[in-house]
Amino acid sequence: HERLSVAELSRRTGLAKPSAHRLMLTLEEVGAVMRDARGCYRPAMVLAAMSEGVAVGDLICETSGDLLDGLAASLQGVIHVGVLEGGMVNYAARVGRTRRVPIPSQVGAKKEAYCSALGKILLAGLAAPELEDVRRIRKFAARTERTITSNGRLKSEIASARQRGYAIDNGEAFSMV
């Protein structure tokens, strides 16, 4: 995505540079834009939530890439970041790799929340009414012999994830994971 300096924003909008600068500082404060090390601006999470033209995964990796890289290295595995939307996980970022079992995931892919560790931990973060809404609309399709196929088992998995502070992929989507 294009990054613009205050001077370029001023030129394109016709605003005086001090006005453009104050506007961008305000937008940065509310999370609508972010400024890079060179002082150039680009859309941030608030605008990403309102626009399909901004890649959320890019923003996440840019703002927390060092943290994600460090976590992936210390765990010697893959770190996924995603957004829960209507019972589905939208995979926004993937960092790291594993030497043991290949993880068949792609940034931009959507997967049912009940059959992945990422989905289960996102569900575990929901308040009870929101979780009930998701569980009510979700039909369970068995992707492997280990896929969660009942609300009772999903409730148990979510409770375990809340207690541990992390969720486990038990081969619910891919038998080798």
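In this text, all values refer to a predicted model and were calculated from it rather than measured experimentally. Positions are given from 1, in the same order as the sequence printed here.
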Quick check: do [X] and [Y] have side-chain heavy atoms less than 4.5 Å from each other?
X      : Y      : value
Tyr114 : Leu154 : yes
Ile148 : Lys120 : yes
Met34  : Arg42  : yes
Lys111 : Met88  : no
Tyr91  : Val81  : no

Using every non-hydrogen atom in the two residues, find where [X] and [Y] come nearest and quote the distance to one decimal.
X      : Y      : result
Leu123 : Arg162 : O-NH2, 4.0 Å
Ser116 : Asp169 : CA-OD2, 4.0 Å
Thr13  : Leu9   : OG1-O, 2.7 Å

Problem set entry | side chain to side chain contact (heavy atoms under 4.5 Å, CB included) assessment of Val89 paired with Lys110 | CA-CA 5 Å; Val89 176; Lys110 289 191 177 193; over 6 Å; no

Does [Y] offer a backbone N or O that forms a donor-acceptor pair with the side chain of [X] under 3.5 Å?
X      : Y      : answer
Lys17  : Ser10  : no
Ser156 : Gly152 : no
Arg3   : Cys40  : no

Exercise. Just one of Leu15, Val33, Val6 clears the side-chain contact (heavy atoms from CB on, under 4.5 Å) bar with Leu23, so which one?
Worked result: Leu15

